[in-house]
Student: 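Here it is, the structure in full.
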Amino acid sequence: MGKIITVASHKGGVGKTTTTLNAGYSLSRFGQKVLIIDSDPQGGMTIASNLKRRTDKGLVQLLKNEIKPEQAVIPTKDKQMAFLGSGVTEPEDVFLFDREARKGTLGKLITSVSEKFDYTFIDAPAGLGAIVTSLLSVSNSVLVPVGCSSIAVRTLPLFLKLIRKIRAKFNNNLMLEGVLMTLVDENSASCAEVFDEVRNSFPSNVLFDSYIPYDEAFERAGIKSVPAAMLKGATEAAQAYMDLAIELKNREMQADRKEKDDDEGLF
Amino acid sequence: MKDSSEIKQAAMLFDQLISEAAVIAPPSSEEPSRRSGRPSSTPRRTGRPAKTRYKKQEPVESFDSEEMYRGDRLENMLFAMCKRGDFTGAVLVDSNGLPLAVYKSPIKDENLSSAFAMTLGDVIGKAGRIIGETDVDNISMDINYTDKACVRRFIINDLPYFLMIVCPQDIDERAEVEISIDQISSFLKKA
């Protein structure tokens with residue numbers, strides 16, 4: 001079974017959907033099979049990926065047992081990625097989401113659809129509610145995007161407490177993949193101050209070396225409903241997520257390397 | 001921002017998660033876990049210069065440590081490439097035939113590994129000239145019933161470098177090798 005990474009944060013508007021889509025896309029360029037799940041009832045990922053044009057079926061219909069997974073998990077043209085939308089079309093679907101999350105059905109469903117993929121990236125809703133708790137309870141790790149602003153950084157403690165509680169009560173295998181600084185405006189003095197403070201205060205291994213710049217190319221990519229790497233003239237934005245994907249793999253391999261040590265030659 | 005209680009609390013919670021081994025990246029033993037000793041610097045992306053108006057950090061490493069660092073970085077790149085591409089080993093050789101980085105050397109002696117890569121690398125040049133093709137840069141050789149050795153020649157500052165990988169015969173290694181050569185070239189150009 002592959003790895004389930006939930007992209008989550010307490011604060012909204014920090015780039016969770018953008019990170020899920022672009023990090024997933026970058027990893028798929030390395031030949032990994034990647035599934036992207038939109039578990040946010042707002043359906044941001046479903047819109048950002050243009051999935052809505054292919055199907056309006058998703059998690060909601062699967063939770064209601066109305067369809068089979070293969071009807072909702074839609075592969076991309078190159079088959080390296082697949083998307084599973086939220087399937088929220090009516091206001092009451094949002095309540096169903098929450099209810100099924102509390103019952104644990106949402107978590108079980110996600111575990112079963114993830115089985116055929118190397119990586120499953122889940123776009124979680126903002127906040128600390130039942131859906132996020134349920135997702136983290138079945139995830140291998142959590143990636144936390146933090147916008148380069150004082151408010152975003154200051155919401156971290158509550159989210160970290162939730163991670164610790166989930167580890168203690170529901171999922172002691174849950175790991176912190178890392179904290180990713182997003183919306184970094186290289187020309188803003190206040191952003192530089194926040195960034196410095198974060199780098200100086202937090203342990204170096206929790207913070208990704210890569211960061212995501214504030215770049216209007218992401219907005220343009222959003223309008224076209226594609227990852228930044230598929231947009232012409234968005235090299236910087238795409239490179240930022242390629243750097244992140246490489247770093248994700250390197251971190252994972254370092255962790256593997258600690259367990260296995262191969263000093264011998266091949267022959 | 002400074003002395004914010006939330007930041008202190010977050011830092012404490014991170015420490016607790018690290019102590020519970022709940023963080024993917026292990027803490028580095030080579031550098032302090034906190035970056036407080038650093039001069040104030042602007043955000044910088046890994047491996048590329050910041051386009052910034054803030055003061056840049058001066059290099060503080062000695063020549064020796066810089067060299068160590070370069071070797072480690074290259075070795076990490078080979079390691080990452082091998083894991084991503086399911087390769088069994090890799091050697092990076094410079095124009096003088098010296099190994100710049102080795103990951104799981106195909107032959108126990110690293111110098112012999114480099115010589116093997118250079119030999120195949122020379123064949124690329126000679127064979128290319130014979131058939132009148134100047135853009136020949138790859139050679140692949142089955143080294144036993146299951147594995148092959150592939151050498152890719154690439155040029156940096158008019159000097160040839162050779163990347164040799166060993167992988168199972170049924171793998172198409174080219175895309176992964178090209179991505180890694182981009183990474184290695186940009187690093188070597190800066191180094």
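Proteins come first, then strands; the chains are lettered A, B, ... in the order of their sequence lines, and each starts at number 1.
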Student: Contact part of Ala21(B) toward chain A, heavy-atom cut-off under 4.5 Å: side chain, backbone, both or neither?
Tutor: backbone
Student: Decide yes or no for Leu21(A) and Tyr25(A): does some side-chain heavy atom of the first lie under 4.5 Å from some side-chain heavy atom of the second?
Tutor: no
Student: State, with a plain yes or no, whether a side-chain heavy atom of Lys11(A) is found less than 4.5 Å away from one of Val146(A).
Tutor: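 Not in contact.
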Student: Just by distance, with hydrogens left out, do Glu177(A) and Ser141(A) show a side-chain donor and acceptor under 3.5 Å apart?
Tutor: yes
Student: Only pairs of heavy atoms separated by less than 4.5 Å count here; which of Gln32(A), Arg167(A), Met181(A) has the most with chain B?
Tutor: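 Option with the top pair count is Arg167(A).
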Student: Is the shortest heavy-atom distance from the side chain of Val138(A) to the side chain of Phe170(A) under 4.5 Å?
Tutor: no
Student: Cationic tip of Arg29(A) within the cone over Tyr241(A)'s six-membered ring, i.e. under 6.0 Å and within 45° of the normal?
Tutor: no
Student: Under a 4.5 Å heavy-atom cut-off, does chain B meet the side chain of Leu174(A), its backbone, both or neither?
Tutor: backbone
Student: Less than 4.5 Å apart, side chain to side chain, heavy atoms only: is that true for Val153(A) and Glu6(B)?
Tutor: no
Student: For residues 112-120 of chain B, run the donor-acceptor check on the side chains, cut-off 3.5 Å, and write out each pair with its distance to 0.1 Å, sequence neighbours left out.
Tutor:
| unit_1 | atom_1 | unit_2 | atom_2 | d |
| --- | --- | --- | --- | --- |
| Ser113(B) | OG | Ser105(B) | OG | 2.8 |
| Ser114(B) | OG | Glu110(B) | O | 3.0 |
| Thr119(B) | OG1 | Ala115(B) | O | 2.6 |

Student: Is Lys83(B) close to Phe30(A) at the side-chain level, that is, under 4.5 Å between some pair of heavy atoms?
Tutor: no
Student: Among residues 122-129 of chain A, which residues come closer than 4.5 Å to chain B, judged by heavy atom distances?
Tutor: none
Student: Side chain, backbone, both or neither: which part of Glu20(B) has an atom under 4.5 Å from a heavy atom of chain A?
Tutor: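 Glu20(B) touches chain A through backbone and side-chain heavy atoms alike.
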Student: At a 4.5 Å cut-off on heavy atoms, which part of Val179(A) comes close to chain B: side chain, backbone, both, or neither?
Tutor: side chain
